[in-house]
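Fair warning: this is a prediction, and the values are worked out from it, not measured in the lab. Every chain is numbered from 1 and lettered A, B, ... according to where its sequence line falls, protein lines coming before strand lines.
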Amino acid sequence: MISLPVGELEFHVFVSIALFAIGAYGFLCKRSGLIALMCLELMLNGVNLFLMTFSKHHSSPDGASLFLFIVLVAAAEAAIALSIFVILSRRFGSVVLDDYRRLKG
Amino acid sequence: MIFEGLRWILLAPLLGAVLNGVILQNKSAKISGLVATLASLVAFGFSVVACSQLSGLNSAPEQNFLIDPLFTWMSSGHVYVPFNLELTSITSVMLLVITGIGSLIHIYSISYLSEEESPWRFFSYLNLFLAAMLVLVLASNLAVVFLGWEGVGLCSYLLIGYWYKKPENTAAGMKAFITNRVGDIGFLIALFVAFSFFQTGDISRLAERVNDYAFLSSGVPTWAWYTFAGSLLWAATAKSAQIPLYIWLPDAMAGPTPVSALIHAATMVTSGIFLICRVWPLFAMSPVIVDAAFWIGMSTAWLAALIAVSQTDVKKVLAYSTVSQLGFMFVALGAGSPAAAFFHVITHACFKALLFLAAGSVIHGMHHKQEMSLMGGLKDKMKITHVCFLIGTLAIIGFPLTAGFFSKDMILAKVFAAQGVFGYILLLGAALLTAAYMFRAYTLCFWGGARSEYAQKAHESDPLMYMPLVVLAFLSLFIGWLELPEVFGHFTKITDWVHSSWYGVGVGEQAHLSHLAEWLLMLITSVLSLTVAYYSFKIYQRNPEFKILPEPLHKWSTNKFYVDEAFELLLIKPSMKAGRFINRISDETTFNGLANGSFRFTRLSGRLLALFHTGSVQTYAWHFVFWSSLIVGAIFLWTL
Amino acid sequence: MSEGIVVMGQVNLFQVVVGILALAAAIGVVHSKSAVSSALSLMATLFLTAFLYFAKGAYFAGVVQVLIYAGAIAVLFVFIVMLLDLKPSRVAIPGQKGVALLAFAATAMFVVVVALLAVPGLFEPGLQESNLTALSAKAISYNFVSTYMLPFQATGFLILAAIVGVIMLAKSVRSPSNESRGEP
Amino acid sequence: MDPINTAMLIFWPAIFAFLLFTFRKNKKAAQWANMVFHLPWFWFLYQSCLLWRSSTADGMFPIVFNSDFFPLLKSNFALGLDGLNLPLIGLNVFLSFCLSLYALGKEKLSSSYLALFALLNAASVGSLMAADAFVFYIFWEAMLIPMFFLIGIWGSKNRVYAALKFFAFTMLGSLAMLAAILYLWVQPDIQSMGWHSIAQLGLLGDGLWSPRFWVFCGFLIAFLVKIPAWPLHVWLPDAHTEAPTGASVILAGVLLKLGVYGIARWCLALFPSIAVLDVVSFTMKVLALAGIILGSYGALRQTDIKRTIAYSSVAHLGFMLLGLFSFQLAGFQGAMFQNIAHGLSTGALFLIFGIIYDRTHTRELSDYGGLGIVNPRLSMLFVLSVMASIGLPGLPGFIGEFLILNGTFVLSPWFAFFACFGILLGAVYMLRIVRGMIYGETSSVLKSHPIKLSFSEWGSIIPMIIAMIVLGFWGQGLIAVTARASATIIYNLQGEILR
Amino acid sequence: MTPLLWSLFLVPLVGVAVLTGVPVILMVERRGSAWLQRRTGPNRVGPFGLLQPMADAIKMVFKEENQPARASKFLFIFAPVLAILPPIVGFSMIPIAQPFTINGESFAVQIVKSDLSFLFLLAITSLHVFAVLIAGWASNNKFSLMGALRAGSQMISYEVAIGLCLVSLVVSYGTLNLSEIVTLQGAGSRLAFWGFFMQPLVFLIMWVSVFAECNRLPFDLPEGETELVAGYHTEYSGLKFGLFFLGEYAAMYLASALMATVFLGGYNIPFVSPDQLVSFVEGLGLYGDQATWVASALSAVSFAAKVFFFMFVFVWVRWTLPRFRYDQLVGLGWKVLLPLATINLIGTMIFSFLQKGAY
């Protein structure tokens, strides 16, 4: 395949950082809760990519197993979060996080 | 020599006080008065027995006193205070005076208080006072003396404030108690010095300290001696109403007259001087303090005399005359002769009690009116009181051969011997002033026309009141014979008694005067005082409002030289205000504020922190990211 | 870990293209106007990252990524977005532009620093023998059973709890409808 | 005479506290039961006295009862009995008995009040006898809780504030003590947290700012808050004014004394080398003097009678602090004697005023006047207890103060001199109260509320007054009791001074 | 002929095979359903109506397509593409025939020879849900959205069942590689190793859930003509509808291919192991590479027969069973199949542990 001067490792690290950054940015700035959750998934993916890159770099299965753990946890978390959002949106009529201020208690 | 009888002298009045105060409490003056008088008579009986026992005992000087050990009051570390009673020659005389005059006054007050609604209270306090005075006199340890000392203060407080319905009586009582307390601080300091430096509170052992050279050279700091003597003098000035702390005595007249007679003339006020006489060997160790006593005495005598001259209330006049006479006694002490002072104590007790009781019966007759301006022309309505009052006045101004003459001349002689002519002239002036105001009071009361309807309706008091007057009149005439000056032959009972009570610790007396000097002194004093007396008698018969003192002095003296107001202004008000201010600052604002402040602060900080909980998830996330990156950055920079 | 030469060679075109596409899709998630389009772009990002894994030779990871992430989670998102039938989500909180950039920079710095710090010997050479086997399913599963046994069991329980949680939440969702019919 | 009696001294009140809970319903029975329960308590006290007299152990703090309590904390449930804590325990039992008499027939005092009271007694006796650091701390804290509720529930108007303040202050103080205890517990070579092993603990280092100094300060702060020494006394006036009569009598009679006892036992005896440092002793004397002078000025300022009495106890406790730090046997024994004397006199004052307060429900001095006319006997007792509290000779107050001042005079004459002004000021503010209450015309309040004492109320005051008069003259008996214990403490202290 | 080149050549071959298979099965379905209902199907076009599917295809292509208003244009077009993609890509994993050798070098008749092929297959099928959801959403009408959501939830729940079946199969076979599974099944001449006999319960669960995956009749609620007109692809017409239709049948093919490879021993002719087949062909006179070629061809034919058998079952079931109600459908998925699959999984695990001993 045609290869570019940039080392594979640096590129992948860059991609994962960018992914994470975009996720974080979205999570921090997006008003809608669902989008925030999606950005959360993005952040997790960034981390996964990061892990896989170094797992390959150090060729040790740890990175990959961690990757798997993250995926599992992300799945569980997404399920719960989304059902919560369903209830919240039913209760507050909207998915915008700011409307949930009254949950402050 | 052990003698068990002493304790009964003390227990009798105590029992009387308890009987009257707690158990009987019945309303009639007769019964409670009887119980009280009985108690004081029993005490008098026992003291006579004790004195005879003592005089019979003529062993070596160190042993010639009776001891009655009761129990150890407290003993811890260097403080050992056995509560035992002791009778030396000086105390025996004092004992007789107290119990004797005390019983007379009890009899007198039975009738004086006949129409009171709770006489039992008065009689129980009177008995309590007697007991306290006896403790003061009979105690062998200075701490026990202090017990009597404060006890007497308490009783005077209770008795002055007897008619507690009127607020000024209780105020006077409080004033008396507090001024006494100021003096007590001095006494306490003396006690501490005694216990920590002289290792004992026992008067006899203290006296021995003076001449056991081992102790003297063992490095007791000189300031110890001075503080001991100084604080004792301070205590005496408070109790015997000398210059700085005499203000309570005139106000003490708010109490019933028998009280003034017993306490503020005969017994309590003289206890200061009595105490100094008992510890004279130690006192004499610091000559500066002796001189101080002299000058305090002199200035008090003059000041009191000046005020007495312009007083209109008969009891106030007598009160100031007491202060002035006490000044005389201090002068005698200052001149270095406790014997003279003690002799004047004895004689003064008699004629001042007589004068007070006479004034009391006058007031009783005049339905409790004390203003001399209302009196006048009582000599034919109250014959016996008039005669007794006259004898008292003669005695106090030193009419030849009366008790006052002998004691006052002895003092004048001692002063002349010690301080020379200048001191003698000063004292003579005070004596003349005494003569002036006494005769002024006498003539205003008994001579001239009756100036008010009370004076017209005045009647002689019943026998129970004038009988003690007669006895006292007799005493004030002949008590003087106890101590004759050299000139009339060698009959010096008082000086022997005083010296022998120092457990054999002899202290040199002043040089003796030649016969001629003594005659001269006697002549001058009696002639001058008689002329002054005659002139004032004449003037006041014609013109009751005559002012002896020139105008500015007169106004000052009627207002008692504004001493009370000065005290109030300079001492009491600022210290109270400063105290309240300090307390408000230190307690309310700082510490209380601090405590409450800390409570409020926690609530405030709680509310402040709550602001961070905006409830928006994203702000939390944002904070999380920001701070964690900051920290990680910091760590990173740190590890570089 | 024995010393060895750097195995990871140059990055090939395929990886670059897919990487860039993934990033573009990620930006699509954030900046799309309607929720559905952002959900779909999320699906796209996940799918593309799976390709990245394939390119790296981590097939098992790629398959898992596709199966779980793209296949299940993205579907869930799309499903929920559609279910809730949301109005187009408004633009990011106005006035937060500057803060957003700052946040972006902060997160980037955070991640770089963590990478530099947390992974000592980042650029050390990896193992000698072919690292394909390291990422294979067998290696991962061995690793799971041996060193990571505890987390493995814990994740098991976690997922069980998640299931129970979701059921409970879902039940409450349906409960309003029950009430409407009067059942408890 | 076996040691179980001494342990029963603590557990018996705890037991009858729970028994009292069973009398929930009927208040009368509870009050009578409370009174009756005191009799066995007296018997145990008697037994302990016999045990104490017979014990010839000349050691500092003879351990009387010892059982394995909590090996983990290296502490065992050791109780000691000697001259210092026996009189205080006696006072506690005596005051509590008088208060039980007072409580008969009172409508307000329910069975839970009496039970809490019994718990308070148990805790205070416990901390008096505790010979182990942890046991002492536990009882020390245990005292707070019932007191907090007593003030908090049965107090007068702003009782919650007062209770809270009391609790906060004492709690903060005892935290310092806890820190000290824990520091000791952590020490490597400490065998057990018993009082003796702490005394022998060597290596803590001497001199200023050494660990031993900090441990000493830890203990000292807790006791200073409790005494209360001058700067930390702010809680006392509120606690006293708001507390119900029984609580304020016990607070004045026993709880404050625990501070003094604590310093004697856990500060002076345990760390003599620190106490003797001139910095420490000077500051403590200054605090004591400040307490006396400013306490008296505080009392002068108050219009509320109970607050005046509270401030007066601040002044009296200032005296005791002075006595403790005089390092003289006279001063030390004077302080211990004043403990009992002050307990009796202030206890009597509070009790009498409490009785009057139960009827008139006002504490302002201006509302009162002419009590002498309304109830002469009560006013006589009131004057007597006032005189006792001023320190009139012939009453116990004087003996205590006299010995303290004598002791202080030896080493620091100037402090003794200024302390005497405390006596003077004491007379001033106390007589102001007497004049306001007893003398003068009968005030409207006293006219409208006749003060007729029930038999039980007389029964509660009379024993106290008798105790005061007897103690006034027979003081030597009590001094002899504290002689042996305080002699050893002073011997150590003076040993340290010489070094 | 390198293996890469061969797989490149194989890709269009498989694609064409699948796509031509669709009209055949279409014909079978129309004529079969007619035969089942004792009526004659379409027989006008071409001899015996054989060209009917061709006619449909042409119609599909030239029909006029319309675009619902305000639906997002890109998604509307993208959905059918996404529908056709996963089944075809899925076929790359399936071993179609016995490996044959060219001048000694053996070539496996399987496009992607990865040892995760079975899992990959599952992954790819899970993408099919997207197509349905996007279609439902893009057509911007309530009924299609409802249909899409129903289809989505149905496919997800049955995907879970398939996943668990996959796990138990993997546990019993020990590998995720489909070609290995087929060789395992064909090893002995006995049928004992066929998935059908090893895991009968899994076969049953798999069979039912595969129907649900492809939205075939008992489970074809989303397209339920009666309630939701045509479900998610009501708005589609013309070629896009055709693509959906094609995708659906391709998914059926993939499913039956999967069932064949895993349960009926893939390309193995029953009772004949691959070597026996090769030796049998050599017996016919062909030697060397040609023998393997003919053997693999024969195995491909057996594979096709099995696939065709399953396709027929699809059709057969469609015209016999009535449609499930929605909650019965989802309930069956979660309350029946899932527990059964789990129990089976646990059983297989215990059995394999006892048999093989710990790893």
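Atoms CZ and CZ, from B:Phe177 and D:Arg435 in turn, are 15.0 Å apart once rounded to the nearest 0.5 Å. Interatomic distance, D:Arg432 CZ to B:Thr170 OG1, rounded to the nearest 0.5 Å: 13.5 Å. From B:Ser598, atom OG reaches atom CZ of D:Phe169 across 7.0 Å, with rounding to the nearest 0.5 Å. Between the CD1 atom of D:Ile479 and the OG atom of B:Ser76 there is a distance of 6.0 Å, given to the nearest 0.5 Å.
When each of D:Val434, D:Ile423, D:Ile438 is scored by its heavy-atom pairs under 4.5 Å with chain B, the top score falls to D:Ile423. Interface check for chain D: of the options B:Val144, B:Ile178, B:Thr227, the most heavy-atom pairs under 4.5 Å are formed by B:Ile178.
Here the closest non-hydrogen pair linking B:His78 and D:Ala330 is CE1-CB, 3.8 Å. For D:Tyr297 against B:Arg580, the heavy-atom pair with the smallest separation is CD2-N, 4.4 Å. Minimum heavy-atom separation, D:Gln476 to B:Thr72: CB-O, 3.5 Å. Between D:Glu441 and B:Lys165, the shortest heavy-atom contact is OE2-CB, 3.5 Å.
The shortest distance between side-chain heavy atoms of B:Val79 and D:Gln333 does not fall below 4.5 Å. With a 4.5 Å cut-off on side-chain heavy atoms, B:Phe192 and D:Pro413 do not count as touching. Here the side chains of B:Trp73 and D:Pro393 are in contact, with some heavy-atom distance below 4.5 Å. Looking at B:Tyr157 and D:Met387, their side chains come closer than 4.5 Å, going by heavy atoms from C-beta outward.
At most 12 non-hydrogen atoms from other residues, nucleotides or ligands lie less than 6.0 angstrom from CH2 of D:Trp414.
Every residue two or more places apart in sequence or in another chain that forms a salt bridge (charged side-chain N to carboxylate O under 4.0 Å, His left out) with D:Arg307 is listed here: D:Asp238.
Within the 4.5 angstrom heavy-atom criterion, no atom of D:Ala483 approaches chain B. D:Ile373 touches chain B through backbone and side chain together, each having a heavy atom under 4.5 Å away. Heavy atoms closer than 4.5 Å to chain B are found nowhere in D:Ala487, neither backbone nor side chain. Using a 4.5 Å cut-off between heavy atoms, D:Ile390 touches chain B through backbone and side chain atoms alike.
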Query raised in the report: side-chain contact (heavy atoms from CB on, under 4.5 Å) between D:Arg377 and B:Val22: does it pass, once the steps are laid out?
Result: CA-CA 8 Å; D:Arg377 279 210 171 85; B:Val22 176; 5.7 Å; no

For residues 394-411 of chain D, please give each side-chain donor-acceptor pair under 3.5 Å, one per line with the distance, not counting sequence neighbours.
residue: D:Glu401; atom: OE2; partner: D:His316; partner atom: ND1; Å: 3.4
residue: D:Thr408; atom: OG1; partner: D:Ile404; partner atom: O; Å: 2.5

